[in-house]
Amino acid sequence: MDRDDGVDAVDNIVTQFSTYEDFLDSQITTVDLYYLEDESLARQLVELGYRGTGEVVRREEFEARKAAIEIARLAERTQKKTLTSAGKDLQDNFLKALAVREEDNRNGKVSTVIFIRDKNSHGQEISGYIDYAHRLKIEDFEVYFSGKRRLLPKPTDLSFYNWDSHIAVWNSTPNYQVIADNPEGLLFKYKRDRKILNVDPKHQSKIQAKKSIPSQRKKGTV
């Protein structure tokens with residue numbers, strides 16, 4: 001039997017039976033039980049390959065394939081649920097831009113920094129820079145893509161500024177180190193390649209892999 005055929009045979013067995021004991025029991029005949037008079041002994045003989053009516057599969061092999069198939073099933077299910085923008089009828093250009101970049105930010109192909117200037121629920125004007133990939137990992141974006149909630153900067157994001165209270169904070173994330181005390185203004189160092197992202201729109205950034213999406217909803221522009 002070819003190796004691929006053997007793997008397929010084991011996968012069929014693993015899919016068919018919930019436990020290894022169920023598989024062993026399927027190989028035991030009534031005649032075996034009549035002469036052995038011990039179900040545990042009959043199972044042991046099947047496991048060792050001395051008795052049985054079908055394919056010999058070791059316990060370690062069965063359990064390993066069982067675990068691998070379950071992991072693959074969960075991964076596939078997770079991947080389907082991961083893209084929260086999938087299937088959404090997005091009318092807002094800002095959300096469309098986020099949807100286009102969602103998958104690449106989740107898998108690490110792209111790192112996006114979002115700038116938002118808007119008003120919070122108290123009517124205060126706030127602004128800040130958001131590490132999109134980081135927020136995707138720690139927050140469910142379903143509420144944003146479905147229009148149930150507006151995406152706003154938080155005091156825990158890369159930067160946050162309240163224009164009414166004049167409170168300013170900044171935080172490094174798993175992806176970026178914040179450089180605040182810089183003559184050129186706020187800078188973000190990408191931790192993977194250690195390149196600097198200058199968010200000043202007048203500055204010509206040389207970083208190709210990272211993108212900044214400005215969102216100034218107060219002015220209605222994206």
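Residue numbers run from 1 in the order of the sequence given.
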Do the side chains of [Y] and [X] get nearer than 4.5 Å, heavy atoms only?
{"X": "D89", "Y": "Q91", "value": "yes"}
{"X": "K189", "Y": "K195", "value": "no"}
{"X": "Y129", "Y": "V199", "value": "yes"}
{"X": "E139", "Y": "K154", "value": "yes"}
{"X": "F94", "Y": "I116", "value": "yes"}
{"X": "I179", "Y": "L186", "value": "no"}

Point to revise | Among H166, E125, R117, side chain to side chain donor-acceptor pair (under 3.5 Å) partner for Y161 | key: H166
Exercise for review: For I114 and L98, run side chain to side chain contact (heavy atoms under 4.5 Å, CB included): C-alpha distance rounded to whole Å, both residues' side-chain angles, the deciding distance at 0.1 Å, then the answer.
Suggested key: CA-CA 9 Å; I114 308 167; L98 292 184; 3.4 Å; yes
Check your understanding: Can E70 and K66 be counted as an ion pair, charged N to O under 4.0 angstrom?
Key ->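 Salt bridge: no.
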Check your understanding: Below 4.0 angstrom, N of the basic side chain to O of the carboxylate: do K88 and E142 qualify?
Key -> yes
**Study point:** Verify same cluster id: I130, W163 (apolar side-chain graph, 4.5 Å)
**Key:** no
Review point. Under a single-linkage definition using a 4.5 Å side-chain heavy-atom cutoff for Ile, Leu, Val, Met, Phe, Trp and Tyr, are L136 and V100 assigned to the same hydrophobic cluster?
Key: no
Practice item. Take T84 and Y144 through the side chain to side chain donor-acceptor pair (under 3.5 Å) test and state the conclusion after the steps. Key: CA-CA 9 Å; T84 50; Y144 302 124; over 6 Å; no
Closest contact, heavy atoms only, [X] versus [Y]:
{"X": "L152", "Y": "R135", "value": "O-NH2, 3.4 Å"}
{"X": "S111", "Y": "Y176", "value": "OG-OH, 2.6 Å"}
{"X": "D118", "Y": "R150", "value": "OD2-NH1, 3.0 Å"}
{"X": "L90", "Y": "A99", "value": "CD1-CB, 3.6 Å"}

Does the [X] side chain pair with the main chain of [Y], one donor and one acceptor, at a distance under 3.5 Å?
{"X": "D157", "Y": "P153", "value": "no"}
{"X": "S172", "Y": "V178", "value": "yes"}
{"X": "R101", "Y": "A133", "value": "no"}
{"X": "N120", "Y": "Q124", "value": "yes"}
{"X": "K191", "Y": "T173", "value": "yes"}

Exercise for review: Would you mind telling me which of Y190, Y132, F188 makes a side-chain contact (heavy atoms from CB on, under 4.5 Å) with V113?
Suggested key: F188
Check your understanding: Checking side-chain contact (heavy atoms from CB on, under 4.5 Å) against H134, which of N105, N175, T156 comes through?
Key ->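 Single pass found, and it is N175.
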From [atom1] ([X]) to [atom2] ([Y]), nearest 0.5 Å:
{"X": "F115", "Y": "S159", "atom1": "CZ", "atom2": "OG", "value": "7.5 Å"}
{"X": "I126", "Y": "S165", "atom1": "CD1", "atom2": "OG", "value": "10.0 Å"}
{"X": "Q177", "Y": "W170", "atom1": "CD", "atom2": "CH2", "value": "13.5 Å"}

